[in-house]
Participant: 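A single structure is presented below for examination.
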Amino acid sequence: MNPFPKISVVGSGPAGFYAAQLLLKKLKKCEIDIYERLPVPFGLVRFGVAPDHPEVKNVENTFTKIAEHPSVRFLGNVSLGQNISIGDLKKAYHIVILAYGAEKSRNLGIPGENFHNILSARRIVGWYNGVPWDKNIPIDLNTSEAVIFGQGNVAIDVARILLTPVDELKKTDITQHSLEALSESKIKTVHLIGRRGPLQAAFTIKELREMIRLENCRTEWKLDDFKGVAEVINSLSRPKKRISELMLKSLTDGSNEICEKKFKPIFFKTPLEFIGNNLKVSKVRLGTNILEGENINNQKAILTDLHETIDCGLGIISIGYKSTSIDESLEFDNRLGILKNNFGKIGNGLYATGWVATGPSGVILNTMNNSFGVAETILKDIENDSTLIQESKPGFNYINSILNKQLIQVVSWNDWLKINQFEIATGKKIGKPREKLVDIKKMLEIAS
Ligand code: FAD
Ligand code: NAP
């Protein structure tokens, strides 16, 4: 008789937890170990989702139930690529699932991108959400104009955090260090610059509506950007139609309102270079684009000879995340920034799911569906290939011997619960739902 499957999952974000959830549901008996680089779980649900969107974090309750299942073990503070390798995991487990996300940012590759105060949205998100290594990013909010490149929901999140009254943010789990900086912020205008048009904007309606309704902030569009939109509106898909209608409606709505702050989406512009003095950015030069192609969704931005320069004391690049290869044995697609895989399958017993496999797009629901699909593939493979779980495997005992040699303090689920309690108690004292710990040493101290 075959032994029961021993499964390791690398990454405790939505992809890892949802894959574990389906496997637990369908396998009669199994052992699932979830390895996480940080002492704390939940990936981008903790470190990405905006602090003023607490309802999205309710998925943590589902993940907690999964982690507390008797067949599941959370093993925090263990990094694949640093403490353990794919080879180690393959030796220890029948099935290895890589769900380690996409933790780098894409850049523009234009002159001046290395100036001070040009930062990736990813690091700013990490700064306000408590990523330990983003606590001290060199962000300077002592400037009136911020420019964000990219028009996805991450760009909108960052714009909203920069423009929201601090009194509102105080009630969230935003980090105290960012709250202090934001309360001194001089930013009055945030430009949100897209290379294509309103019909191609990547942000979604709920997020746009929030911007339009933001207290003491007026959304200002450029009327010229909307030429031809009304004419095609009836041919659009329902979500595109609704968001386009909202944009058209807000073109003139509230234009007489006096507000302290402005949110200015600008379309059809490609950043060409940052301009500044002594590495300090002061302007950005933008080229004007026209769109080429028949299908509205796939139209390409083509640069024309026209350009303009706008003031910019803070430049934020929000054109997507990307993943990295963390083990030499893995084949990596550098262009897409993902692990090479075939619907989640990498090789015998080795799988990838979530952003590391699909690329950095999609909400938690999309990631969940992807993980369920990959888990189904694993179940089929277990059923169809009796050699996959034939051999008995040592599981965590083997990995633990490797970690012991490195004196790694493995953080268990109960240890995380101590950190969780500490954060909630600290937050309570200052009227916040939680004050996140941003120092790994401190997390480990509380966990031990
Ligand atoms: P992640 O969530 O990134 O999880 C990967 C995990 O792997 C992390 O815990 C990481 O620490 C761990 N890890 C990394 N490297 C290693 C290693 N070497 N060893 C061990 N562990 C490792 N979706 C929504 O539905 N609503 C939202 O409001 C929303 N807001 C978002 C805001 C931002 C800023 C971003 C970037 C995304 C947002 N999303 C939102 C999308 C959502 O977060 C993703 O769909 C989802 O998190 C992807 O899950 P994942 O598990 O693939 O990656
Ligand atoms: P995204 O939605 O893919 O948006 C990326 C943006 O960058 C697009 O506007 C894209 O324009 C632009 N871009 C890409 N390459 C560019 C380049 N070289 N030059 C100029 N612009 C460029 O990515 P994201 O904002 O990082 O979000 C990632 C995922 O997380 C998305 O699925 C998003 O919905 C999700 N998320 C959801 C929420 C939420 O639900 N509230 C919050 C945050 C994130 P083109 O279209 O022209 O390529």
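No hydrogens, no waters, no symmetry mates; every other heavy atom, side chains included, goes into these values. Just so you know, ligand 1 is whichever comes first in the structure, and atom 1 is the first atom listed for that ligand.
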Participant: Quick one: does Ser361 get a heavy atom under 4.0 Å from ligand 2?
Facilitator: yes
Participant: I want to confirm something. Looking only at heavy atoms, which of Asn107, Ile319, Val154 is nearest to atom 7 (O) of ligand 2?
Facilitator: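 Looking at heavy atoms only, the winner is Ile319.
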Participant: Can you confirm whether the side chains of Thr353 and Asn370 place a donor and an acceptor under 3.5 Å from each other?
Facilitator: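 Yes, side-chain donor-acceptor contact under 3.5 Å.
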Participant: Nearest protein heavy atom to atom 46 (O) of ligand 2, by residue and atom, and its distance?
Facilitator: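 Protein heavy atom with the smallest distance to atom 46 (O) of ligand 2: Arg196 NH2, 2.9 Å.
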Participant: Tell me whether Asn153 reaches ligand 1 (any heavy atom closer than 4.0 angstrom to a ligand atom).
Facilitator: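 For ligand 1, residue contact (heavy atoms, under 4.0 Å) with Asn153 is absent.
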Participant: Does a side-chain N-to-carboxylate-O contact under 4.0 Å join Glu308 and Lys222?
Facilitator: yes
Participant: Is the closest protein non-hydrogen atom to atom 3 (O) of ligand 2 under 4.0 Å?
Facilitator: no
Participant: Check whether any N or O atom of Asn153, backbone or side chain, sits under 3.5 Å from an N or O atom of ligand 2, and answer yes or no.
Facilitator: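 Yes - when backbone and side-chain N and O of Asn153 are compared with those of ligand 2, one distance drops under 3.5 Å.
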Participant: Which ligand 2 atoms are under 4.0 Å away from a heavy-atom of Gly152?
Facilitator: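 So the atoms of ligand 2 that pass are 2 (O), 4 (O), 6 (C), 9 (O), 25 (O).
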Participant: Any carboxylate oxygen within less than 4.0 angstrom of a Lys/Arg side-chain nitrogen, looking at Glu273 and Arg285?
Facilitator: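 Looking at Arg285 together with Glu273, the answer is yes, because their closest N to O distance falls below 4.0 Å.
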Participant: Indicate yes or no: does an N/O atom of Leu80 lie under 3.5 Å from an N/O atom of ligand 1?
Facilitator: yes
Participant: Under a 3.5 Å threshold, yes or no: a donor from one side chain and an acceptor from the other, between Lys269 and Thr288?
Facilitator: yes
Participant: Suppose we measure from atom 11 (O) of ligand 2 to each protein heavy atom; which comes out shortest, and what is that distance?
Facilitator: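 Its nearest protein heavy-atom neighbour is Arg195 NE, 3.9 Å.
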Participant: With atom 30 (O) of ligand 2 as the reference point, say which of Phe203, Trp355, Phe149, Tyr321 has the nearest heavy atom.
Facilitator: Trp355
Participant: Does the protein put any heavy atom within less than 4.0 Å of atom 37 (C) of ligand 2?
Facilitator: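 Under 4.0 Å from atom 37 (C) of ligand 2, at least one protein heavy atom found.
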Participant: Which one holds for Val363 and ligand 1: side chain close, backbone close, both close, or neither close, with close meaning a heavy atom under 4.0 Å?
Facilitator: both
Participant: Would you mind telling me if ligand 1 is within reach of the side chain of Phe47, the backbone, both or neither, using heavy atoms under 4.0 Å?
Facilitator: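 Looking at Phe47 and ligand 1, no heavy atom falls under 4.0 Å.
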Participant: Does ligand 2 have a heavy atom under 4.0 Å from the side chain of Asp157, from its backbone, from both, or from neither?
Facilitator: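 Contact part for Asp157 vs ligand 2: side chain (C-beta onward).
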Participant: State the atoms of ligand 1, each with its element, that fall below the 4.0 Å cut-off from a heavy-atom position in Gly354.
Facilitator: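 So the answer, numbered in order with elements, is 52 (O).
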Participant: Please confirm whether Ala15 comes within less than 3.5 Å of ligand 1 when only nitrogen or oxygen atoms on both sides are compared.
Facilitator: yes
Participant: Does an N or O anywhere in His53 fall below 3.5 Å from an N or O of ligand 2?
Facilitator: no
Participant: Before signing off on this row, confirm whether Gly362 and ligand 2 have an N or O atom pair separated by under 3.5 Å.
Facilitator: yes
Participant: Can you tell if the side chain of Lys171 reaches within under 4.5 Å of the side chain of Lys432, non-hydrogen atoms only?
Facilitator: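 With C-beta onward as the side chain, the pair stays apart.
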Participant: Less than 6.0 angstrom separating the ring centers of Trp416 and Phe42, yes or no?
Facilitator: yes
Participant: Tell me which protein heavy atom sits closest to atom 39 (C) of ligand 2, plus the residue, atom name and distance to 0.1 Å.
Facilitator: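 Residue, atom and distance for the closest contact: Glu207 OE2, 3.6 Å.
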Participant: Counting from 1, what ligand 1 atoms have a heavy atom of Ala99 closer than 4.0 Å?
Facilitator: 5 (C), 6 (C), 7 (O)
Participant: Any atoms of ligand 1 less than 4.0 Å from a non-hydrogen atom of Asp157? List them with their elements.
Facilitator: 32 (C)
Participant: Nearest protein heavy atom to atom 43 (O) of ligand 1, by residue and atom, and its distance?
Facilitator: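 For atom 43 (O) of ligand 1, the nearest protein heavy atom is Leu44 CB, 3.3 Å.
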Participant: Under 3.5 Å, is there a donor-acceptor pair linking the side chains of Asn341 and Tyr351?
Facilitator: no
Participant: Can you pull out the closest protein heavy atom to atom 9 (O) of ligand 1? Residue, atom name and distance to 0.1 Å, please.
Facilitator: Glu36 OE1, 2.6 Å
Participant: Please report which non-hydrogen protein atom sits nearest to atom 28 (C) of ligand 2, along with the residue it belongs to and the distance in Å to one decimal place.
Facilitator: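 So the nearest neighbour among protein heavy atoms is Pro360 O, 3.4 Å.
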Participant: Flag the pair Glu60 and Arg46 as a salt bridge only when some basic side-chain nitrogen lies within less than 4.0 angstrom of an acidic carboxylate oxygen.
Facilitator: no
Participant: When you compare ligand 2 with Gln151, is there at least one nitrogen or oxygen pair between them that comes in under 3.5 angstrom?
Facilitator: yes
Participant: With a cutoff of 4.0 Å, is Phe267 in contact with ligand 2, counting heavy atoms of the residue only?
Facilitator: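 For ligand 2, residue contact (heavy atoms, under 4.0 Å) with Phe267 is absent.
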Participant: Under 4.0 Å from atom 23 (O) of ligand 2, can you find at least one protein heavy atom?
Facilitator: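 False for atom 23 (O) of ligand 2.
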Participant: Below 6.0 angstrom between ring centroids: does that apply to Phe396 and Tyr93?
Facilitator: no
Participant: What about Phe274 and Phe149, are their ring centers closer than 6.0 Å?
Facilitator: yes
Participant: For Gly362, state whether at least one heavy atom is located under 4.0 Å from any atom of ligand 1.
Facilitator: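 Distance cut 4.0 Å: Gly362 passes for ligand 1.
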Participant: Can we say Asp173 and Lys57 salt-bridge, meaning some charged N sits less than 4.0 Å from an Asp/Glu carboxylate O?
Facilitator: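 So Asp173 pairs with Lys57 through a salt bridge.
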Participant: My understanding is that we take every heavy atom of each candidate and find the minimum distance to atom 31 (C) of ligand 1. Doing that for Thr324, Val125, Asp327, Val49, which one comes out nearest?
Facilitator: Val49
Participant: Hey, is atom 39 (N) of ligand 1 under 4.0 Å from any protein heavy atom?
Facilitator: no
